[in-house]
Amino acid sequence: MNLPDLCIAKDRQKTPISYLDIKHDYQPVFKNKKYFLRTYGCQMNVHDSEEIKYYLEALGFEATDILDEADVVVLNTCAIRENAKDKVYGYLGRCKHLKKLKPDLIICLCGCLMEQPHEIENLRHNHSYIDIIIGTHNLHDLPALIIQKSPVQQIEVFSNSDQVWENVRYERDSKVCAWINITYGCDKFCTYCIVPYTRGRERSRKMENILQEVQELKAAGYQEVTLLGQNVNAYGNDLNLGYDFATLLEEVAKIGIPRIRFVTSHPWNFTDQMIEVIAKYDNVMPYVHLPIQSGSDAILKKMNRRYTIAEYKELFHKIKAKVKNVAITTDIIVGFPNETAKDFQATLDIVKECEFDNAFTFIYSPRVGTAAALMKDEVSMAEKQKRLKQLNDLVNSYSLKSNQKLLGQTVKVLVTEASEKDQHKVCGYTETMKLVNIEGGQDLIGKIIDVTITEAKSFSLDGIVKEKVLTK
Ligand code: 5AD
Ligand code: SF4
């Protein structure tokens, strides 16, 4: 097992980053063939899957949602918690069975799980029916590997990268909202987290390339862009070009696309300039996802989070004071090794004080290779589950409370898609990222409309288009 070394972050900065263009010379060599793609994990993976879709469709494959119909299966995996990994291995059983019926089927695994050496060893020895294993740094190698289909398992994984690929193309899931990668990797090394190992060193794209991508998306009619990074507000720190995330955010805002979001911010990199830009531009959404992880200073220290609760609170209240009607959401881990009842109580206390609009809560899951995986842990799983339930009940009560504040109010909603449950409804998001179900036709998709909120639940709102309210 590799012991994590906090110095790696410093060493990683020493080699210069190279910026390379992907050459798009794919031919549609596959006719009447289908691909089946499953994505696990975070927005980064969802966006990577848009890149994968681009390659598969450029080669001539058509999408299918039915596994049995597939000629290529791609599983884009996640390593953040054990349950994400379990889901992938569960699915592999079905793929193995299908391969027996269809020997020409190409099975490909990619994503964060493929950046863990012990997983590769397991796949190499116990899952030889998998054709292609590819890492997070070289997705663009996928078309060549599919074309060169080999009788033996092809493994193309690089453990780290000093490269940033530009000119990447995507088959985007939405015509309304688009993801834009602005940084790759992470140098923070929170002790529980596998991301610095699976995604490599922190590296920023050049500002001019990002701004060009935003311009193109605006010209194509997109209403919203979300700037993406594991540590989005560390943007620019590795470039030493004199600009940072606040500079980039302001330049993106000036382009005039109607809505701009960014995820995920680290409290340590959250500057006053960022707060000013969010407050100044109407098209930078008043929504900040600001993971706190724990309410206990002792646990935060063991997590290597680099802030105290007092510092987090100061930042939280500064954002609330300066950005009108801002919504703040967070991530919380319960059951970090040897979390005491007092530590957990401190987490409940901070949730009560901050009244987060929403919180994503997780039971700590040890990841091989991280520092926390070596820490002693005497807390039972039953106790951790009890704490998670208690935390969720509290978090949900505040989500409901913040949603109820909108009852009867008229808010701006960007309609993003048709409702899956009701053909007479569409869904969209408020500026503060709250999901709203609205009565209305698909002609509303892609529009920002005034919606009056008629019902508030913990996880969503119901509303009607304002003109309809007026005519009632
Ligand atoms: N166990 C549980 N939760 C984790 N996260 C990251 N690593 C782990 C882990 N090993 C959570 C953090 C992070 C979110 C994306 O996932 O809360 O912010
Ligand atoms: Fe993981 Fe986020 Fe910490 Fe980076 S900042 S190590 S991605 S939790």
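Because the structure is predicted, anything quoted here is derived from the model rather than measured. Note that ligands are numbered from 1 as they come in the structure, with each ligand's atoms numbered from 1 the same way.
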Give the atom numbers and elements of ligand 2 that come within less than 4.0 Å of a heavy atom of [X].
| X | value |
| --- | --- |
| Arg305 | 3 (Fe), 8 (S) |
| Asn231 | 5 (S) |
| Pro196 | 6 (S) |
| Tyr192 | 8 (S) |

May I ask you to check whether Phe336 and Phe344 place their ring centers less than 6.0 Å from one another?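 Centroid separation for Phe336 and Phe344: 6.0 Å or greater.
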May I ask which of Thr191, Val195, Ile194 has a heavy atom nearer to atom 7 (S) of ligand 2 than the others do?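 Considering heavy atoms of Thr191, Val195, Ile194, the nearest to atom 7 (S) of ligand 2 sits in Val195.
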Which protein heavy atom lies closest to [atom], and at what distance to 0.1 Å?
| atom | result |
| --- | --- |
| atom 1 (Fe) of ligand 2 | Cys193 SG, 2.2 Å |
| atom 2 (Fe) of ligand 2 | Gln230 O, 4.2 Å |
| atom 4 (Fe) of ligand 2 | Cys186 SG, 2.2 Å |
| atom 6 (S) of ligand 2 | Cys190 N, 3.4 Å |

side-chain contact (heavy atoms from CB on, under 4.5 Å) partner of Leu92, the single match among Val73, Asn126, Leu123: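 The passing option is Leu123.
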Whether Lys206 engages the ring of Tyr19 as a cation-pi pair (distance to the six-membered ring centre under 6.0 angstrom, angle to the ring normal within 45°) should be assessed.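 Cation-pi check for Lys206 and Tyr19: passes.
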Does His266 put an N, O or S atom under 2.8 Å from atom 3 (Fe) of ligand 2?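 His266 does not place any N, O or S atom closer than 2.8 Å to atom 3 (Fe) of ligand 2.
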Protein residues that have a heavy atom under 4.0 Å from any atom of ligand 1, sorted by chain and number: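 Answer by chain and number: Ile80, Arg81, Tyr192, Gln293, Asp331, Ile333, Phe362, Ile363, Tyr364, Ser365, Arg367.
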Show your reasoning for whether ring pair (Phe, Tyr, Trp, His ring centres under 6.0 Å) applies to Tyr184 and His137. CA-CA 9 Å; Tyr184 297 95; His137 304 293; 8.9 Å; no
Could you label the plane-to-plane angle of the Phe356 and Tyr312 rings as parallel, tilted or perpendicular, counting under 30° as parallel and over 60° as perpendicular?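 Ring orientation of Phe356 relative to Tyr312: perpendicular.
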Which of parallel (below 30°), tilted (30 to 60°) and perpendicular (above 60°) describes His289 and Tyr287?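 Aromatic pair His289/Tyr287 classed parallel.
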Sequence neighbours excluded, which residues qualify as side-chain contact (heavy atoms from CB on, under 4.5 Å) partners of Arg38?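 Counting only residues at least two positions away or on another chain, Arg38 forms a side-chain contact (heavy atoms from CB on, under 4.5 Å) with Phe36, Tyr40, Leu75, Tyr91.
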Can Arg199 be said to touch ligand 2, with heavy atoms closer than 4.0 Å?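 Heavy atoms of Arg199 never come under 4.0 Å of ligand 2.
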Tell me, yes or no, whether the heavy-atom count around Asp65 atom CG, taken from other residues, nucleotides or ligands under 6.0 Å, exceeds 12.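 Open: at most 12 neighbouring heavy atoms sit under 6.0 Å from CG of Asp65.
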Check Glu202 against Cys186 and note the closest heavy-atom contact, atom names and distance.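 Looks like OE2-CA, 3.7 Å.
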Distance-minimising heavy-atom pair for Thr432 and Thr430: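 Looking at all heavy atoms of both residues, the shortest contact is OG1-OG1, 2.8 Å.
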Have a look at Arg172 and tell me which of Glu216, Glu213, Glu224 forms a salt bridge (charged side-chain N to carboxylate O under 4.0 Å, His left out) with it.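 In the set Glu216, Glu213, Glu224, the residue that makes a salt bridge (charged side-chain N to carboxylate O under 4.0 Å, His left out) with Arg172 is Glu213.
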